[in-house]
Amino acid sequence: MMNGSPIHRLLNSWAIQVRVIHALMIRELITRFGRENIGFLWIMAEPLLFAGLVGILWHFMKGSTEHGVSVVAFTATGYIPLTLFRHCVARSVAAFTANQSLLYHRQIKIVDFILARFIIEILGGMMAYLFMAIFLILIGEFPIPADLGLLISGWMLYGVFCFSICLILAPLSEISEAMEKFIPVVTYIMIPFSGAFYMVSWMTPGAKDFLLLSPFVNAMEMMRKGIWGDQITAFYDPLVPIICSVVFAIIGLILCRRVRRILTVE
Amino acid sequence: MIICSDIEKSYSHGSRRKKVFSGLNLVIEKGERVALLGRNGAGKSTLIKLIGGVEMPNSGKITRNMSISWPLGFAGGFQGSLTGYDNTRFISRIYQRDYVTIRQFVEDFTELGKQLKMPVKTYSSGMRARLAFALSLAIEFDCYLIDEIILVGDQNFQRKCNEEMFLKRNDRAMIIASHQTELIRDFCNKAIILHHGEATVYDDIDLAIDRYTNL
């Protein structure tokens, strides 16, 4: 059926997966947002509203600046990646069961479900971030990013780490129903380790070393350094999120493979 | 050719375990029409799902050397919340077919008209069967996996199936799970009886039906 060299076969499989993920994303967007009114633009509505309202709230509670940076901008840059993480977690629970009728088609692999959902979430998060930044720059609450490359790298590392968590959560949620009950608590406990509401340099030295073990904090510091440049002091090591993501992704892929073998499809 | 060698499948729930079959061997050649017979719960649908790659065996290997349709049955294959057209578009995309051609065929074959703009979850099982058959016929597979579903169609649908599936595509392989012995007698040239986790292959259809009726 399929002849040719291994490289040819690999390219062919790659093309199939790209097509499948594309189709899954369109399907997901239609089922979640429909074709009415603003349609798929809703994906950025929630992070924007969240970041916007919390930003305004803090603006009145804490004053317009904190440690020399705009409170609204600081909150927004923290909240949008955090909503990405929370959405990713929520979307990966029971991702296989929700899509199981599509497993009838052999070319659809279970990792495609996770990837399609993740891509939608990260596109939504990035669009919201961009939209919010442009708006805040226009009203003078947000600086022109000092180092765009660092900002984007930080975003990428944050995203990749979220994805590696999805790769573990999705199969785990199929194995154990008890795990689902712990997820809300764990995501709440994770908030202080997300780096969303502080800079590491504001912390005591003891807390600093501890927080820098969190991949989220490292990535968040990179994003903020990329935006404010010399206005702030940032501590980060890109290797922390990279190593954690690789380890999590390997564990996740192994779990996915095992779960696929025992998955019962109605 | 499809080769199942030493297949074992069991389902476990908690500490309970149900063995469906073990040590199952099977070869299906190009163009063979195989009837799958067995009582309820004998594992007909499970075998079809394993051959279709929907579920995986606990051990053993399934080699597929021809293109095989997804199992055409009461469940699966479609996203209920999407319309008939959206499902058609989705399937054209993942099977890399031209949407306009497929849509044309689906409209002609299903005769569902405006219903195609409604979510598939609002369809009756007969309507689903029409859509599933239309799509799999339009895509053209070497082997069709059919799980019971021909039964649910009306006369018009059965006539169409007969014409498109059994006459126009009589060079294709088929695996049909059905309790409808007349249909099997008319169209199949080989039968497999699943009973107590074992599969017995019969080349004589009448003999197989005779055995099956006495199970």
Side-chain angles (χ1 to χ4, degrees), chain A residues 1-3 9 11-36 39-40 95-110 112-113 115-117 171 174-178 256-266, chain B residues 1 9-14 18 20 45-46 48-59 62-83 85-87 89-97 99 119-121 128 132 135-136 139 141-142 145 147:
Chain A
M1 189 172 78
M2 265 185 285
N3 300 313
R9 286 218 302 268
L11 285 177
N12 192 37
S13 309
W14 170 255
I16 292 173
Q17 293 316 304
V18 169
R19 211 163 54 233
V20 165
I21 289 167
H22 173 232
L24 282 174
M25 282 172 60
I26 293 175
R27 195 208 62 147
E28 185 92 6
L29 287 174
I30 296 173
T31 38
R32 268 172 72 191
F33 306 107
R35 294 198 177 86
E36 309 295 315
F40 79 97
F96 303 157
T97 319
N99 286 309
Q100 59 169 336
S101 62
L102 299 180
L103 286 174
Y104 271 64
H105 307 288
R106 257 188 325 284
Q107 62 273 59
I108 302 181
K109 309 291 176 200
I110 53 174
D112 295 337
F113 295 146
L115 198 55
R117 287 185 163 187
E174 300 293 333
I175 302 173
S176 140
E177 279 169 16
C256 284
R257 200 179 157 78
R258 305 202 93 189
V259 165
R260 181 64 183 100
R261 299 200 74 84
I262 56 161
L263 206 61
T264 313
V265 182
E266 199 180 320
Chain B
M1 200 157 80
K9 181 69 182 172
S10 58
Y11 292 105
S12 40
H13 183 78
K18 182 190 189 274
V20 187
S45 297
T46 306
I48 283 191
K49 278 186 202 164
L50 292 179
I51 293 174
V54 179
E55 289 181 7
M56 315 255 167
N58 296 72
S59 66
I62 298 174
T63 319
R64 305 179 185 89
N65 288 325
M66 51 185 170
S67 68
I68 306 174
S69 78
W70 69 92
L72 307 172
F74 292 109
F78 297 123
Q79 185 73 18
S81 54
L82 292 186
T83 67
Y85 280 125
D86 283 337
N87 273 296
R89 206 189 303 252
F90 179 80
I91 284 174
S92 324
R93 271 197 194 107
I94 60 172
Y95 286 92
Q96 210 178 0
R97 296 298 141 94
Y99 171 58
V120 169
K121 63 184 167 198
R128 271 169 188 256
L135 283 169
S136 64
I139 291 171
F141 292 100
D142 295 333
L145 304 177
D147 191 358

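Residue numbers start from 1 in every chain, and the chains themselves are labelled A, B, ... in the order their sequence lines are given, proteins ahead of strands.
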Look only at the side chain of [X] and the backbone of [Y], and say whether a donor-acceptor pair between them is shorter than 3.5 Å.
X: B:Lys18; Y: B:Ser12; answer: no
X: B:Gln79; Y: A:Leu102; answer: no
X: B:Arg64; Y: B:Ile51; answer: yes
X: B:Asp142; Y: B:Ser67; answer: yes
X: B:Asn58; Y: B:Ser10; answer: yes

* Structure fact -> Within residues 259-266 of chain A, contacts to chain B at heavy-atom distances under 4.5 Å involve A:Arg260, A:Arg261, A:Leu263, A:Thr264, A:Val265, A:Glu266
* Under 4.5 Å from a heavy atom of chain A, the part of B:Tyr11 involved -> side chain
* Asked: Which answer fits B:Ile68, side chain, backbone, both or neither, if we ask what part of it has an atom under 4.5 Å from a heavy atom of chain A?
  -> both
* Structure fact -> Taken to the nearest 0.5 Å, the spacing of A:Gln107 CD from B:Ile94 CD1 works out to 4.5 Å
* For chain A, find which of B:Arg89, B:Glu55, B:Lys49 contributes the most heavy-atom pairs closer than 4.5 angstrom. => B:Glu55
* Specify the closest pair of heavy atoms between B:Ser69 and A:Arg106, including all atoms of both residues, with the distance to one decimal. => O-NH1, 4.3 Å
